[in-house]
Amino acid sequence: MEYHHREIEKKWQKYWEDNQVFKTDIDNNKPKYYVLDMFPYPSGAGLHVGHPLGYIASDIFSRYKKLKGFNVLHPMGFDAFGLPAEQYAIQTGQHPEITTMQNIKRYKEQLAKIGFSFDWTREVLTCAPEYYKWTQWVFLKMFDSWYNKQTDKAEPLQNLISIFEKNGNHEVNAHHGCKIKFSAEQWKNFNEKQQQEILLDYRLAYLSNTMVNWCPQLGTVLANDEVKDGFSERGGFPVVRKEMKQWALRITAYNERLLNDLDELDWSDSLKEVQRNWIGKSQGAIIDFNIENNNNILKVFTTRPDTIFGVGFMVVAPEHQLVLEITTKEQKEKVLEYIEFTKNKTERERQSEVKNISGVFTGAYVIHPFSGEKIQIWISEYVLGGYGTGAIMAVPAHDSRDYAFAKHFNLPIKEVVAGGDISIEAYETKEGTIINSDFINGLKVKDAISKILQKVEEKKIGFAQINYRLRDAIFSRQRYWGEPFPIYFKDEMPYPIDLDKLPLELPEVDAYLPTDRGEPPLARAKNWKYKNEFHFEASTMPGFAGSSAYYLRYMDPKNGKQLVSKEANEYWKNVDLYIGGAEHATGHLIYSRFWNKFLFDYGLVCEKEPFKKLINQGMIQGVSSFVYRINNTNIFVSKNKLRPDMEYSALHVDVSFVKNNILNIEEFKKWRPEFTNAQFPVEYLEDNENYICGSEVEKMSKSKYNVVNPDELIDKYGADTFRLYEMFLGPIEMHKPWDTNGIEGVARFIRKYWRLFHNETGFDISDEKPNSKELKILHKTIKKITEDIEKLSLNTSVSSFMICVNELTDLKCNKREILMALNTLLSPFAPYITEELWHKDGNNDSITKANYPEFNSNYLVENTFVYPVSFNGKLKFKLEIPNEMSEQEINKILIENEEFIKHLADKVTKKIIIVKGKIINIVI
RNA sequence: GCCCAGGUGGUGGAAUUGGUAGACACGCAGGACUUAAAAUCCUGUGAUUGCAAAAUCGUGCGGGUUCAAGUCCCGCCCCGGGUACCA
């Protein structure tokens with residue numbers, strides 16, 4: 001009897017929906033478990049085979065936990081604001097909401113087929129006003145907060161104002177950007193605007209001047225992504241760096257907590273490492289250098305104060321505020337030219353320029369604080385204005401970038417730490433003895449650092465300083481399709497709108513473009529004013545705004561009064577298992593942690609971290625196919641007939657009509673009008689008259705025609721096969737190219753599984769007691785599957801199921817006790833076929849309500865072990881030995897063994913290594 | 001450039017974390033069943049040499065540690081992701 005996936009899958013989809021099988025509520029009698037997938041962005045291309053990889057894994061885990069007796073929260077929703085929909089809106093004039101909703105509908109249809117156990121009653125969309133109300137609400141909360149370093153948490157701004165009124169800001173220990181000191185008296189005498197300006201320097205959501213990629217022709221700010229080599233990707237217009245007032249979130253107030261709390265997370269070490277590097281804590285010192293013939297002081301940040309006697313020159317960022325002032329007349333022209341040269345480069349470009357070393361001498365000098373030497377001041381792109389003090393003391397002997405710079409410009413290289421060979425390269429290691437360094441000679445690096453720190457503090461020319469690479473998060477986007485800021489302006493100062501006016505809805509505009517004056521699209525909105533008087537902020541929030549706290553909203557998605565109720569939050573707490581791409585390592589994952597900590601400070605959430613355990617899924621890449629067309633003709637040449645003298649171009653061809661690299665020529669001709677008359681001369685085909693395409697592994701994308709859509713596969717093979725195959729492809733964390741070829745093997749497994757439960761006429765399983773062989777197969781499988789699921793090694797579980805079914809088929813086992821246990825075990829992986837068999841066996845409820853089969857180790861006990869016997873590490877034969885035997889007994893059996901004597905021949909044993917239960921190795 | 005991952009048969013991958021390299025599949029070849037096809041089943045399949053028994057080589061490349069290395073250490077090459085406004 002055949003397995004017909006089409007009817008069976010449709011039937012159970014309907015059953016699950018009609019009976020709300022996946023609906024979840026708070027249940028205090030059961031332990032909770034929260035499984036979350038990273039928020040998908042509903043792209044216009046629909047779901048491709050790469051998307052469900054993580055969802056299938058998390059679904060298997062959710063269903064497994066449910067069988068184990070947990071109350072599992074497994075929601076899904078959409079990160080629905082974003083650039084692609086807006087781009088499409090700009091091109092077509094269609095409101096981005098329309099396309100977004102269409103895309104979401106398509107995604108949901110595709111997801112439904114795969115058989116996920118999502119509780120759709122909890123769905124959230126970031127673009128829905130009832131959702132973004134809470135995004136705006138958190139923003140206002142940040143706007144109304146400051147960071148008190150004393151209590152080490154965010155507090156209401158009102159506390160700070162009370163302190164100002166009492167004592168001014170002299171004793172406030174805050175994370176802030178305020179440059180002035182004032183007394184209580186002065187505070188009271190400031191006018192409202194002055195007070196607001198000061199408060200802005202303390203708020204956790206504040207306005208700041210930042211550099212952006214400005215494209216004058218498009219009248220808008222561009223993402224780095226949209227800029228290619230200094231020109232806009234769209235239109236190819238020049239892009240310049242420009243300073244602009246932008247909202248920012250004071251995430252840097254949390255850098256120490258973001259760093260420390262990583263320790264307790266169950267994330268991969270590499271991911272934690274990425275976050276640590278991103279936060280970039282470095283211990284160092286700020287040291288002042290006097291500038292010759294100038295009253296200014298050049299402050300540098302260095303992590304190696306011990307090398308101060310090795311300073312060869314100073315390097316200042318081209319945008320450093322002192323540059324123009326200190327530059328001498330003779331050098332002015334060159335310096336200005338260089339500033340112009342670096343002005344429009346991105347930071348990334350500037351840092352990557354390692355082969356093309358560039359820089360200019362300013363003509364100015366500093367005086368070395370200890371030796372009194374004159375030292376040249378240079379400017380170079382490799383020093384960034386935004387990090388440290390924007391200036392460094394270059395120690396070429398002990399820093400590779402300084403070394404390369406010194407070599408290039410013939411600047412002095414002075415060794416001050418012994419241990420390397422500075423004629424070849426910089427010696428960066430922090431081990432060695434200090435030399436050529438006056439009063440620190442002979443000290444170890446560590447001691448030299450503290451000695452110098454002590455000296456500079458004595459001389460009042462410096463102090464120890466901890467620096468972080470992490471910067472405050474820029475929170476404005478000059479776009480339409482995002483959350484509006486609940487902010488209006490009065491007298492040029494930002495004010496929050498009243499809380500009862502939330503959400504501030506996105507207004508209609510006549511075009512999704514900036515205004516002629518270069519304001520963001522929202523400035524086009526007609527009559528859009530607060531209290532008919534004050535204009536609103538025209539920027540919108542960035543992508544990460546809506547995705548920073550969505551995991552909380554799933555706990556209580558319909559709550560109109562709170563982001564999340566205390567009851568819901570205290571039950572669901574935080575995410576137990578989070579699955580998503582590693583590309584979010586420094587964006588979303590750090591912002592969410594920050595938002596969560598902010599809410600935690602106010603007691604609005606009960607856990608200080610949002611995601612306890614995290615698994616990064618790898619990307620499924622596409623395999624693109626190419627055809628080769630001789631230039632200026634419509635003649636195509638098969639891959640192996642290409643000759644070096646031919647002038648041809650490789651064109652992407654849709655992978656749907658290429659199989660095993662062989663092109664279906666007829667379908668290709670029908671594909672696009674320009675190929676209708678495509679010619680395939682026999683001499684340019686392979687000898688068997690096939691056309692062979694070239695192939696390459698690339699990112700799966702519409703433009704490369706390499707997108708494999710799950711719908712067709714599910715229609716042909718069924719969702720269970722599709723789910724198993726995605727898991728069977730390999731470890732979830734690894735990147736791999738998609739290849740549909742192997743799916744047959746999994747489809748065969750499903751058919752074979754079905755046959756275990758059926759004879760030619762129908763369902764047929766017996767109540768006969770299983771024998772020890774069958775029990776052993778079952779329990780070996782339960783053990784392996786359980787261990788594999790726990791460590792999310794789902795590819796190996798699929799193999800184990802295959803082995804189990806192969807073995808049971810060989811034994812012709814159709815016993816209920818074995819098969820129905822196996823069926824429950826398989827149900828998280830293949831929910832449809834197992835649900836069908838579960839009901840055929842007479843159960844009336846869903847298999848999701850079944851109990852997970854219990855493992856009994858007694859069935860696996862073995863009395864003997866088969867030892868691999870190797871000579872010098874090379875396997876020669878095997879030897880079965882009872883478990884209870886001692887090493888001496890094993891040794892005795894071994895040396896009397898025929899095979900052993902044969903392999904040893906005339907050689908002498910030097911040593912026999914016996915590792916019990918593992919291996920025997922004979923050294924000869 | 002910097003940070004993080006990865007590299008094992010023709011292909012996807014496995015290997016209890018230092019202990020039998022290639023499990024499980026795909027593909028391919030041969031065979032059975034069938035009028036035929038599909039489906040199913042059986043056999044073989046890392047490379048080289050050999051009739052065979054077997055031997056040698058073999059986990060990106062070059063070294064090292066060890067009785068034993070895909071796994072640990074040092075150096076290099078290649079590919080992927082991130083690099084702060086794609087999501």
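Chain A is the first sequence line, chain B the second, and so forth, proteins listed ahead of strands; every chain is numbered from 1.
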A/Asn356 side chain near B/G1 phosphate (N/O to OP1/OP2, under 4.0 Å):
no

Rounded to whole Å, the CD-C1' distance (A/Glu744 to B/U40) equals 13 Å

The Watson-Crick or G-U wobble partner of B/C57, with both key distances under 3.5 Å, is B/G46

Check: Mind checking whether A/Phe877 and A/His903 have parallel, tilted or perpendicular rings, split at 30° and 60°?
Finding: parallel

A/Lys752 atom NZ is separated from B/C41 atom C1', nearest whole Å, by 9 Å

Under 4.0 angstrom, heavy atoms only, what part of the nucleic acid is A/Arg469 near: base, sugar-phosphate, or nothing? base

When both distances are under 3.5 Å in a Watson-Crick or G-U wobble arrangement, the nucleotide paired with B/G80 is B/C4

If we take the P atom in both B/A53 and B/A47, what is their distance in whole Å?
-> 16 Å

* How is A/Glu381 classified with respect to the nucleic acid when contacts are heavy atoms under 4.0 Å: base, sugar-phosphate, or nothing? -> nothing

Review point. How far does the C1' atom of B/U34 sit from the matching atom of B/A25, given to the nearest Å?
Key: 27 Å

- prompt: Which is true for A/Ile912 with a 4.0 Å heavy-atom rule: it touches a base, it touches only sugar-phosphate, or it touches nothing?
  reply: nothing

Mate of B/A32 across any strand shown (Watson-Crick or G-U wobble, both atom pairs under 3.5 Å) is B/U40

When both distances are under 3.5 Å in a Watson-Crick or G-U wobble arrangement, the nucleotide paired with B/A52 is none

With a 3.5 Å cut-off and heavy atoms only, can you find an N or O donor on one side and an acceptor on the other between the side chain of A/Asn921 and the base of B/C67? yes

Quiz item: Which part of the nucleic acid, if any, lies within contact of A/Val274, taking any heavy atom under 4.0 Å across all strands shown: a base, the sugar-phosphate backbone alone, or nothing?
Solution: sugar-phosphate

Note: A/Leu271 and A/Ala585 closest approach over all heavy atoms is CD1-CB, 3.2 Å

Given the 90°-from-0 boundary between syn and anti, B/U66 should be labelled anti

- prompt: Can you tell me how far P in B/G64 sits from the matching atom in B/G58, rounded to whole Å?
  reply: 14 Å

Note to self: Using OP1 and OP2 only, check whether a side-chain N or O of A/Arg748 sits under 4.0 Å from B/C26.
What the structure shows: yes

Pick base, sugar-phosphate or nothing for A/Ser800, based on heavy-atom distances below 4.0 Å to the nucleic acid.
-> nothing

Original post:
Considering only the P atoms, how many Å lie between B/G82 and B/A69, rounded to the nearest integer?
Top reply: 38 Å

Practice prompt. Could you tell me whether A/Arg241 sits above the aromatic face of A/Trp214, with NZ or CZ closer than 6.0 angstrom to the six-membered ring centre and within 45 degrees of the axis?
Written response: no

May I ask you to test the A/Thr809-A/Asn806 pair for a side-chain heavy-atom distance under 4.5 Å?
-> no

Mate of B/C85 across any strand shown (Watson-Crick or G-U wobble, both atom pairs under 3.5 Å) is none

* Would you say a side-chain N or O of A/Arg479 is under 4.0 Å from OP1 or OP2 of B/C85? -> no

Query raised in the report: Given A/Tyr382 and A/Phe405, is the ring-ring contact (aromatic ring centres under 6.0 Å, His included) satisfied, shown in steps?
Result: CA-CA 10 Å; A/Tyr382 82 94; A/Phe405 195 84; 5.5 Å; yes

With a 3.5 Å cut-off and heavy atoms only, can you find an N or O donor on one side and an acceptor on the other between the side chain of A/Lys878 and the base of B/U20?
yes

Q: Take A/Trp481 and A/Tyr512 through the test ring-ring contact (aromatic ring centres under 6.0 Å, His included) and record every step on the way to the result.
A: CA-CA 9 Å; A/Trp481 193 228; A/Tyr512 306 101; 8.7 Å; no

Next item on the list: Could you measure between the two C1' atoms, the one in B/G22 and the one in B/G13, and give it in whole Å?
Entry: 9 Å

Paired to B/U16 by Watson-Crick or G-U wobble criteria (both distances under 3.5 Å) is none

Exercise for the section: Tell me, with the steps shown, if A/Tyr725 and A/Val798 meet side chain to side chain contact (heavy atoms under 4.5 Å, CB included). Expected result: CA-CA 8 Å; A/Tyr725 184 56; A/Val798 179; over 6 Å; no

Check: Under 4.0 angstrom, heavy atoms only, what part of the nucleic acid is A/Lys911 near: base, sugar-phosphate, or nothing?
Finding: nothing

- Think A/Lys874 has a side-chain N or O under 4.0 angstrom from the OP1 or OP2 of B/C67? no

message: Please confirm whether the shortest side-chain N or O distance from A/Asn224 to OP1 or OP2 of B/A84 is below 4.0 Å.
response: yes

| field | A/Lys916 NZ: over 12 foreign heavy atoms closer than 6.0 Å | value | yes

Glycosidic torsion of B/G9 (syn if within 90° of 0, anti otherwise) classifies it as syn

*Separation of the C1' atoms in B/C86 and B/G7, to the nearest angstrom*: 28 Å

From CD1 of A/Ile785 across to P of B/C24 the rounded distance in Å is 15 Å

Subject >> Any A/Arg471 side-chain N or O less than 4.0 Å from OP1/OP2 of B/A84 >> reply: no

Per nearest nucleotide of RNA chain B, the residue lying toward the 5' end, A/Pro84 or A/Ala747, is A/Ala747

Under 4.0 Å, counting only non-hydrogen atoms across every strand here, what does A/Gln478 touch: a base, just sugar-phosphate, or nothing? base

Using atom P in both nucleotides, what's the gap between B/C42 and B/G9 to the nearest angstrom?
28 Å

* **side-chain N/O A/Asn795 vs B/A14 OP1/OP2, d < 4.0 Å** => yes

Indicate, with a heavy-atom threshold strictly under 4.0 Å, whether A/Val866 touches base, sugar-phosphate, or nothing. nothing

### Query
Which part of the nucleic acid does A/Pro731 contact within heavy-atom distance under 4.0 Å: base, sugar-phosphate only, or nothing?
sugar-phosphate

Contacts of A/Leu271 and A/Ile920 projected onto RNA chain B by closest heavy atom; the upstream (5') one is A/Leu271

Review point. Any side-chain N or O of A/Arg751 under 4.0 Å from OP1/OP2 of B/A39?
Key: no

- Query: Is A/Glu583 side chain donor-acceptor paired with the B/C86 base, going by distance under 3.5 Å alone?
  - Reply: no

P-based separation of B/A52 from B/G46 [nearest Å]: 15 Å

Query raised in the report: Are any of the side-chain heavy atoms of A/Tyr591 and A/Ile251 separated by less than 4.5 Å?
Result: yes

